[in-house]
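Lettering of chains follows the sequences in order, A, B, ..., and the numbering in each one begins at 1.
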Amino acid sequence: MSATAQRPEDLMGLSDEEFDTILEIMGREPNFTELSIFSVMWSEHCSYKSSKFWLKTLPTDGPQVIQGPGENAGVIDIGDGLAAIFKIESHNHPSFIEPYQGAATGVGGIMRDVFTMGARPIANLNALRFGSPDHPKTRHLINGVVAGIGGYGNCIGVPTVGGEVNFDPGYNGNILVNAMTVGIANTDKIFYSAAAGLGLPVVYVGSKTGRDGIHGATMASAEFDDDSADKRPTVQVGDPFTEKLLLEACLELMATDAIVAIQDMGAAGLTSSSVEMASKGNVGITLNLDDVPQRETEMQPFELMLSESQERMLMVLKPGREDEARAIFEKWELDLSVIGTTNDSERLVLTSAGEVVADIPVPPLVAAAPEYERPWTATPPREVLGHDAVPAPFDLGVALLTMIESPDLCSRRWIWEQYDHMVMGDTVGRPGVDAALVRVHGTQKALAISTDCTPRYVEANPFEGGKQAVAEAWRNVTSVGATPLAVTNNLNFGNPERPEIMGQLVGAVQGMGEACLALDSPVVSGNVSLYNETNGAAILPTPVIGCVGLLEDVTQRMGAAFEADGDAIFVVGETTGWLGCSIYQRDMAGGSAGAPPPVDLNTERQNGDFVRASIAAHQINACHDVSDGGLAVALAEMAIAGNVGADIDYKPAIPVHAWAFGEDQARYVVTTADPASFEALAAAANVAVTRIGRVGGAALTLPGAEPISVESLREAHTRWLPEYMASR
Amino acid sequence: MKARIHITLKNGVLDPQGKAIHHSLEGLGFDGVNDVRQGKFIEIELTDGDKVAAEAKVAEMCEQLLANTVIEDFSVEIDG
Amino acid sequence: MKARIHITLKNGVLDPQGKAIHHSLEGLGFDGVNDVRQGKFIEIELTDGDKVAAEAKVAEMCEQLLANTVIEDFSVEIDG
Amino acid sequence: MTAAVIVFPGSNCDRDVAVSLEAALGHAPIMAWHGDSTLPDVDLIVVPGGFSYGDYLRSGAMAANSPIMREVIARANGGTPVLGICNGFQVLTECGLLPGVLMRNASLKFVCRDVDLRVERADTVFTSQYTKDQVIRIPVAHHDGNYFTDPETHKALEDNGQVAFRYCAADGSITDDANPNGSLANIAGILNTAGNVLGMMPHPERLADPLLGGLDGAPMFSALAEAIAA
Ligand SMILES: Nc1ncnc2c1ncn2[C@@H]1O[C@H](COP(=O)(O)OP(=O)(O)O)[C@@H](O)[C@H]1O
Ligand SMILES: [Mg+2]
């Protein structure tokens, strides 16, 4: 058989070369079902063909890492026999088409990735990017996405404890919905997907299979077009109630030793789950498709294999344990069906109505998956702007009020009040600023979790922006007193076949990698979402980082609220007044320009370690990292959180607007009752700290500005989002 | 004048509510139930006027607000 | 055999959903809307059999589960 | 001196309330499965929060029809204290132990936040460690908490003193602004006529640990522990 063999008219998104490779692997022409399986397995989504080369460069090891990238989720050791299991995942495109169900099923999908490994999910977060508030679709999309995230998480009973939201016209035609889940398991009870062992039953559990989600770039085919449009809904509907039952049933079965391997059915459903289990276990799997529980009639083999119906799992059990498993799933009112067995053929064989409908060798299906080193061009460097390149505001106080009322900096209360952020009884405090803190049930430990990315920095300089995303997440976790342990990441970019977009991805990954290494926070899981474009316009490059840290004793946590009158306020880290790519520049001075603030990873590390040590030594009373909007915004947030003002009497040597709104990295605002010993500690640690004022009163007074009452700060901060959402 | 609107899930779209109701009916001992689908029924009281125009207007309301046409179908009847 | 069930709020019972829809329709510029009420529409596919018996059975389902008769009325039609 | 927590498919505050009960009682409650038709001898029954059956059809409707609820109704009629929190309140109204219904929030949105409650009755097994008119702060987290009933039933509730808690402003005044969901007369929780069944939308179990933001929910559990120990 050679490349001259008859080509089907439709290669289902595969290239000519990829099709030739398939002919070689099969030694014959693949039938329609087989070609469908190759097509989805070799799609960008499942094969990571554009990004794999670069992802391999990321640091993924460390003494804390139990399982890095490659399984359903990453696993880290948090001591005392416990592990934190977490991952982030995108559901961008479906959320744009149908915001409620798209976001809901995104949440459902990432939770399955976590509990399939044996963890009980304890926290959900979400990183959202919407288009301009003026865009006619934005309000509807926010409404639907927030309701969908809440609808799923609230119902299943896992608290949604944090996240982030940005607005930019670059997302007008392509919003981003990235969902992260963190779970807890015992280190000796972690489940993997390798189906090792022969003659073992392959078991399907969960919802029945319908024609949901059989679609997309890979699958526009003549056969599909023959079906009426309403036979193939492209949008999946989430069923959080069934997922709750699936979660409880899986955890109950996992408490026994009946499971050999388990894998959720996510993208490419039964195909990718069965192929992955067979490949990792070096076995073959034969499935009888007639035994797959079906919701609709006359489903074709390729439909059963490609369906992305939600709330399903595939398991390999020890022989003879089927009845025990069935009893548990029946108690939870779920379907369980033995649909196949493992064998030594290393082939995926599918049968239906007594006939073989597909027969593919697994090792080459996985190993020969394409991997491209796509051409890329580096983003041209931008000029470093001086202070005078960004004009001062007419009035510093008015500028601050305007900024904290703006879409990107205002309070997210309207969002997080729609999420049950307290269920499970371990959420410490309420959402607010910095990392979320969730106690590990029944212990004194807590996990600190934050998601971060500043796309305008990444756009200006992908390498620095990639570093900054890691640094900011790490800083947020540090701010509450926790030690960052590892990160997960979601790479959201445009079309990788365009060299300038590929250059963004390369730069961001390199920057991330360097930061993860320097900050001892390896990447343990992640997700890549490419082709985020509409009409040739790409989104801002958005490599979202989710960082998880550990606080051994939750009672030692640090808050961001100003507390005691008279506490001295310090800035940790150096303030040069970097206004290039700042929010101030973008929103108050006519647009994003110049180089973004560089991240010095040594300083970042040193300052963060110092802050953490000061918290542990009970030296400080409040701590907040400085990010979007600079010092003035950080101070305003601390004043609002504590309902106490501050008098900032420091006289900066640089223009005051640059001092107040510049976005130099590696900085924190802290308060202390004992400034002398704090300064001594800082000197000993060789960390730059600057005393800038004191806590007290009912107003925030910035250098050279009128006092602004905390009440008016709060009003400005909370006004925009509810009003925007109520208007039309 | 009254518009009666039925909003139902498109064929093939999963109906978690219908599924749960079906299950619950079985639990209550009702047999012979093969499938349950749940939809919405909306009644709109309109100022009297032209029936044909009213029907077009209500269809427009469904498109814009009442139905999610990605996953739902709707039908409109005008009474009286 | 198919049962079509309409479940509507009794007169005088507050309908937050209907009220919100009414408000939104006005916001979208639809005029001439005097009132909006939202109810449920449930379709049940039954094993074929006696129509009269089926109707009684479905009414029983409504009484026991599908409707909350404190606030809701229901009506049942059996098709085909 | 034992309590039972009823667990339905989709309950998700069952563990949370068990933690509070254990802290107050000194031992863990019995977790009773919805499909069981018998219940061991207990001194207190809690119907917890969550999304029983996904809140599909109507919140609480399917759970109200489960086998265990027949037993719960019998025990309630026999005088055993029954506490329904959030989804539990919805189940208690659906099964007829309490009058009225909990409709979709007036905002149509799920709401999770701390609210102020005015204690209207401090002379019940549930509330004896509060004082009448005390203002307590407790979280709500629900989509269907908008209490409604017909005018006669409402009048009877008020005349009999069956309203246990109302949403209020920080100073205890009953205002529209303080009402998170549109409930009739700001009703947040009601008793049956005998006073041994309480349904409430707010979650006392979420504020019974200082680390979680306060302790205003704890007196309910200690009051119950004291009452059933006596
Ligand atoms: N999409 C969201 N979902 C839930 N919480 C959110 C979301 N967006 C922001 N938040 C919460 O709002 C707070 C402020 O967000 P952000 O400005 O990103 O914080 P920070 O500057 O400390 O990183 C944080 O507690 C964050 O977790
Ligand atoms: Mg941040």
Report task. Sort C:Gln38 into side chain, backbone, both or neither according to what part of it lies under 4.5 angstrom from a heavy atom of chain D. Result -> neither
Requested in this report: Go through the atoms of C:Ile21 and report whether side chain, backbone, both or neither lie under 4.5 Å from a heavy atom of chain D.
Outcome: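 Neither the backbone nor the side chain of C:Ile21 comes within 4.5 Å of chain D.
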May I ask you to test the [X]-[Y] pair for a side-chain heavy-atom distance under 4.5 Å?
| X | Y | result |
| --- | --- | --- |
| C:Leu66 | D:Arg58 | no |
| D:Thr149 | C:Ile71 | no |
| C:Ile42 | D:Leu57 | yes |

If you draw a 6.0 Å radius around [atom1] in [X], do more than 12 non-hydrogen atoms from other residues or ligands fall strictly inside?
| X | atom1 | value |
| --- | --- | --- |
| D:Lys109 | NZ | yes |
| C:Lys10 | NZ | yes |
| D:Asp176 | CG | no |
| C:Asn11 | CG | no |

Query - Verdict with supporting geometry, C:Leu14 and D:Asn146, side-chain contact (heavy atoms from CB on, under 4.5 Å) - result: CA-CA 10 Å; C:Leu14 173 92; D:Asn146 184 349; 4.0 Å; yes
Query - Nearest heavy atoms of C:Pro16 and D:Ala106, plus distance in Å - result: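 Nearest heavy atoms, C:Pro16 then D:Ala106: CB-CA, 4.3 Å.
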Requested in this report: Quick one: closest heavy-atom pair of C:Ala20 and D:Leu108, and the distance?
Outcome: CB-CD1, 3.3 Å
Report task. Could you tell me which portion of D:Asn105 (side chain, backbone, both or neither) has an atom closer than 4.5 angstrom to a non-hydrogen atom of chain C? Result ->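 Answer is backbone: N, CA, C or O of D:Asn105 sit under 4.5 Å from chain C.
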Report summary line: Separation between CE (D:Met62) and CG (C:Leu65), nearest 0.5 Å, reads 6.0 Å
Requested in this report: Indicate whether the side chain of D:Asn65 and that of C:Gln64 have a donor and an acceptor atom separated by less than 3.5 Å.
Outcome: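 Short answer, no.
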Report task. Check step by step if side-chain contact (heavy atoms from CB on, under 4.5 Å) holds for D:Met103 and C:Leu9. Result -> CA-CA 11 Å; D:Met103 306 188 62; C:Leu9 286 171; 4.2 Å; yes
